[in-house]
Amino acid sequence: MVRVRIAPSPTGSLHVGNARTALFNYLFARQNQGTFIIRMEDTDAARSSRESETSMLEDFQWMKMDSDEGPLQGGNFGPYRQTERLGLYSKYTQMLLNNNKAYPCFCSAEHLQEQREQKRSNNQPYRYDRACANLDADTVAKRIKQGEPYAVRLRTPQEHVVVHDIIRGDIQFETDSFRDFIIVRPDGMPVYNYVVAMDDHLMEITHVIRGDDHISNTPKQVLVYDALGFTVPKFAHIPMILGKDHAKLSKRHGDTTVANFKEKGFLQEALINYLALLSWSPKTEREFFTMDELIQEFQLESVSKSAAVFDVDKLKWMNGNYIRQMEPNEYYKRILDFVRASELFTNGHITESDIANEERFTKILLTVRDNLETLMDVGQYLQPFFTMPGLTKGINAELSPEAKEILELPTSKDVLEGFLSELKKVENEGNSDGNHDTDTYTDTYIDTYIDAQTYKGLTKIVQKNSGAKGKALFMTIRVGISGEHKGPDMAELVSLLSVAEMISRLDYTIANRL
């Protein structure tokens with residue numbers, strides 16, 4: 001049975017590189033009805049934290065990559081934190097020492113550093129001189145009894161190690177450059193390449209799918225497997241993710257963590273889809289996949305050897321497509337946190353009563369949906385429905401040059417006064433019908449609305465009376481009502497603003513901007 005793992009160090013937020021590695025592991029496990037495991041490699045006591053671990057686990061859950069075993073739910077092969085497995089490592093270390101496959105090394109850090117510097121000054125590569133490799137047992141026992149600190153080194157009798165990689169084929173490593181490497185430090189803490197091999201064996205990991213920055217670690221881990229008599233798992237090293245400058249993706253490229261993208265309003269579906277296509281592509285030119293479809297289509301053997309470039313613009317394009325395809329109810333539900341985080345809400349221009357009017361608010365949200373690349377964009381596009389530059393307190397009164405140019409047209413005053421006059425007729429008709437309910441979006445105005453057909457009828461009257469048409473007609477009305485030269489479809493905008501609100505806006509524009 002296939003068993004794979006993702007083993008991040010909880011020293012910060014979940015990087016998209018680790019997320020992509022986790023995704024490939026997850027897809028491979030589900031495709032083969034296998035087990036997906038999360039293990040925390042938290043032996044870096046100075047940098048690891050439970051807060052970071054919790055954040056990472058939440059990110060995995062947000063991305064819908066629920067593990068079968070891990071720190072949260074446990075499992076038959078735990079514990080799933082390395083710091084809780086130290087007793088297991090000690091047992092195997094003693095086994096290696098007893099079998100003369102490892103030995104204590106009493107060389108001090110200062111002595112080893114002197115050797116490195118001497119080699120460097122002679123332009124020679126550093127190799128451990130195996131000074132402690134052949135100490136007799138009595139000498140070793142005496143020095144240990146005297147309390148002399150020591151590391152534990154693994155004997156490496158092989159001259160080279162050959163690793164078969166599912167993606168890269170056979171890779172040969174010469175062992176001379178790292179012979180007899182340390183597996184336990186003098187402070188008793190085992191090193192990464194030692195514990196990861198033991199963990200993978202004890203958790204019965206069948207396939208190690210990880211980034212190719214770990215390739216240089218692989219021969220050391222294979223030597224640990226061999227020394228302990230463990231079966232070597234299958235390896236697949238996936239290429240790195242690069243920034244647009246083809247350097248390793250880092251903070252200087254902008255957002256690099258799952259948390260960053262989640263906070264910016266990217267959908268997990270889009271991020272999953274995009275990450276899956278970094279260094280892997282389906283047999284067709286298709287670009288959009290659900291998680292279930294990725295499980296069916298993904299092929300580990302088809303992963304490229306070449307590094308992938310992380311293109312945020314492509315991710316935004318994909319995210320925008322996913323936003324537009326969402327069901328209205330789901331769209332409304334998932335975007336509300338971003339509405340409440342917008343300045344329009346925090347400054348009181350959008351209120352909870354606006355949001356509670358779900359039918360109307362959903363219609364407003366749907367009118368701006370085509371403009372969104374991320375959910376966080378929503379605030380800037382909602383403004384015309386709830387504010388007007390200058391009229392609304394706290395909103396910059398300065399018009400754009402394009403909007404000013406439109407209001408300076410010779411017909412603009414006639415157009416706005418004509419449209420205002422027609423709206424007042426509609427308002428009076430509404431009042432004469434006994435419609436005195438207050439507007440659901442502000443208690444100040446009468447709740448009278450027009451539909452798209454009525455709007456078109458009113459513009460025809462204004463066109464006939466003013467002689468204006470095209471841009472001079474429609475753009476002037478847009479600027480007069482919204483203060484902007486671009487924005488949502490005008491037929492939708494005017495149908496979602498009360499007549500009284502439009503009258504107030506036009507009164508302001510005519511009095512202050514013409």
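- Here OG of Ser13 is found 7.0 Å from CG of Asp59. Values are rounded to the nearest 0.5 Å.
- In terms of modelled atom types and a separation under 3.5 Å, the side chain of Ser67 and the main chain of Ile37 share no donor-acceptor contact.
- Tyr381 and Phe386 have their aromatic ring centers separated by at least 6.0 angstrom.
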Original post:
Should Leu23 and Met291 be marked as a side-chain contact (heavy atoms from CB on, under 4.5 Å) after you check the CA-CA gap, both sets of side-chain angles, and the distance that decides it?
Top reply: CA-CA 10 Å; Leu23 175 62; Met291 181 72 91; 4.1 Å; yes
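- Within the 4.5 Å cutoff, the side chain of Asn371 has no heavy atoms near those of the Asp377 side chain.
- Heavy atoms from other residues, nucleotides or ligands lying under 6.0 Å from CD of Glu327 number 12 at most.
- In this structure, a donor-acceptor pair under 3.5 Å is absent between the side chains of Asp68 and Thr35.
- Gln118 CD: 12 or fewer foreign heavy atoms inside a 6.0 Å radius.
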**OP:** List the steps and the verdict of salt bridge (charged side-chain N to carboxylate O under 4.0 Å, His left out) for Glu117 and Arg120.
**Re:** CA-CA 5 Å; Glu117 291 177 357; Arg120 189 180 299 116; 5.1 Å; no
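- The CG atom of Asp337 sits 11.5 Å away from atom OG of Ser342, with the distance rounded to the nearest 0.5 Å.
- Note on Lys363 versus Glu492: no salt bridge recorded, every NZ/NE/NH1/NH2 to OD/OE distance being 4.0 Å or above.
- Between Tyr103 and Tyr128, the two ring planes are parallel [angle under 30°; tilted spans 30° to 60°].
- In this structure, Arg20 is positioned above the aromatic face of Phe24, its NZ or CZ under 6.0 Å from the six-membered ring centre and within 45° of the axis.
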**OP:** Test Ile38 against Met40 for side-chain contact (heavy atoms from CB on, under 4.5 Å), laying out the working first.
**Re:** CA-CA 7 Å; Ile38 295 177; Met40 288 292 164; 4.1 Å; yes
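- Put simply, the side chain of Phe266 does not reach to within 4.5 Å of the side chain of Asn260, judged on heavy atoms.
- Note that CG of Leu228 is 7.0 Å distant from CE of Met198, once rounded to the nearest 0.5 Å.
- Using bins of under 30°, 30° to 60° and over 60° for the plane-to-plane angle, the ring pair Phe235/Tyr225 lands in the perpendicular bin.
- Geometrically, Arg39 does not engage Tyr80 in a cation-pi contact defined by less than 6.0 Å to the ring centre and at most 45° from the axis.
- Within 6.0 Å of the OH atom in Tyr150, the count of heavy atoms belonging to other residues, nucleotides or ligands does not exceed 12.
- The main-chain N or O of Gln221 is never found under 3.5 Å from a side-chain atom of Asn193 such that the two would form a donor-acceptor pair.
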Original post:
Yes or no on side-chain contact (heavy atoms from CB on, under 4.5 Å) for Arg210 and Ile238, after CA distance, side-chain angles and deciding distance?
Top reply: CA-CA 6 Å; Arg210 59 189 180 188; Ile238 62 179; over 6 Å; no
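- Between Met318 and Glu287, the shortest heavy-atom distance links the atoms CE-O, 3.7 Å.
- Residue Pro233 comes nearest to Ile205 through the heavy atom pair CB-O, 3.6 Å, listed as atom of the first residue, atom of the second, then distance.
- Contact between Ile167 and His237 at its shortest, heavy atoms only, is CD1-O, 3.6 Å.
- Atoms CD1 and CG, on Ile335 and Leu375 in that order, are 5.0 Å from each other to the nearest 0.5 Å.
- Other residues, nucleotides and ligands place more than 12 heavy atoms under 6.0 Å from the CD atom of Gln61.
- Smallest separation of non-hydrogen atoms from Thr374 and Lys264: OG1-O, 2.9 Å.
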Subject >> Verdict with supporting geometry, Tyr126 and Ser177, side chain to side chain donor-acceptor pair (under 3.5 Å) >> reply: CA-CA 7 Å; Tyr126 169 75; Ser177 61; over 6 Å; no
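- Environment of CG in Asn76: sparse, with no more than 12 heavy atoms of neighbouring residues, nucleotides or ligands closer than 6.0 Å.
- Using a cut-off of 4.0 Å between Lys/Arg side-chain N and Asp/Glu carboxylate O, Glu297 and Lys283 are scored as not salt-bridged.
- Looking only at distances, no side-chain donor or acceptor of Thr156 sits under 3.5 Å from a matching main-chain atom of Gln158.
- Other residues, nucleotides and ligands contribute only 12 or fewer heavy atoms inside 6.0 Å of the CD atom of Glu159.
- Within the 4.5 Å cutoff, the side chain of Pro219 has heavy atoms near those of the Phe178 side chain.
- A salt bridge is defined here as a Lys NZ or Arg NE, NH1 or NH2 lying under 4.0 Å from an Asp or Glu carboxylate O, and Asp212 with Arg168 meets this definition.
- Aromatic ring orientation, Phe288 versus Trp317: tilted (interplanar angle from 30° to 60°).
- We find the CG-OG1 distance between Asp200 and Thr231 to be 12.5 Å, quoted to the nearest 0.5 Å.
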Original post:
Passes side-chain contact (heavy atoms from CB on, under 4.5 Å), Leu154 versus Leu223? Steps please.
Top reply: CA-CA 8 Å; Leu154 185 75; Leu223 290 169; 4.1 Å; yes
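- When side chains are defined from C-beta on, Ser302 counts as touching Trp280, because their heavy atoms get closer than 4.5 Å.
- A donor-acceptor contact closer than 3.5 angstrom links the side chains of Thr351 and Ser353.
- Contact annotation: the side chain of His15 never approaches that of Ile241 to less than 4.5 Å [non-hydrogen atoms, C-beta and beyond].
- The ring of Phe298 has its center no closer than 6.0 angstrom to the ring center of Phe28.
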Original post:
Do Phe181 and Tyr192 pass the ring pair (Phe, Tyr, Trp, His ring centres under 6.0 Å) test, and can you show the C-alpha distance, the side-chain angles, and the key distance before you say yes or no?
Top reply: CA-CA 12 Å; Phe181 57 94; Tyr192 168 77; over 10 Å; no
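- The two atoms that bring Arg153 and Cys105 nearest to each other are NE-SG, 3.2 Å, heavy atoms only.
- A donor-acceptor pair shorter than 3.5 Å cannot be found between the side chains of Arg85 and Ser90.
- Side-chain contact between Leu86 and Val195 is absent, with no heavy atoms from C-beta onward closer than 4.5 Å.
- Between Glu269 and Thr290, the side chains place no donor N or O within less than 3.5 Å of an acceptor N or O (distance only, hydrogens not considered).
- Using a 3.5 Å distance cut-off with no hydrogens or angles, the side chains of Asp292 and Gln296 do not pair a donor with an acceptor.
- Using a 4.5 Å cut-off on side-chain heavy atoms (C-beta onward), Tyr26 and Ile6 make no contact.
- In the model, Tyr274 has no side-chain atom that pairs as donor or acceptor with a side-chain atom of Asn319 under 3.5 Å.
- The six-membered or imidazole ring of Phe385 lies away from that of His349, with a centre-to-centre distance of 6.0 Å or more.
- Surrounding CD of Glu352 are more than 12 heavy atoms belonging to other residues, nucleotides or ligands, all under 6.0 Å away.
- In this model, a donor atom of one side chain and an acceptor atom of the other lie less than 3.5 Å apart for Gln172 and Glu174.
- Shown here for Val16 and Leu275, the closest heavy-atom pair between the two residues is O-CD2, 4.1 Å.
- In the model, Asn18 has no side-chain atom that pairs as donor or acceptor with a side-chain atom of Thr21 under 3.5 Å.
- Between the side chains of Asp42 and Gln82, no donor N or O sits under 3.5 Å from an acceptor N or O.
- Side-chain contact of Arg5 with Asn25: a donor-acceptor pair under 3.5 Å is absent, judged by distance alone.
- Within the 4.5 Å cutoff, the side chain of Pro384 has heavy atoms near those of the Pro488 side chain.
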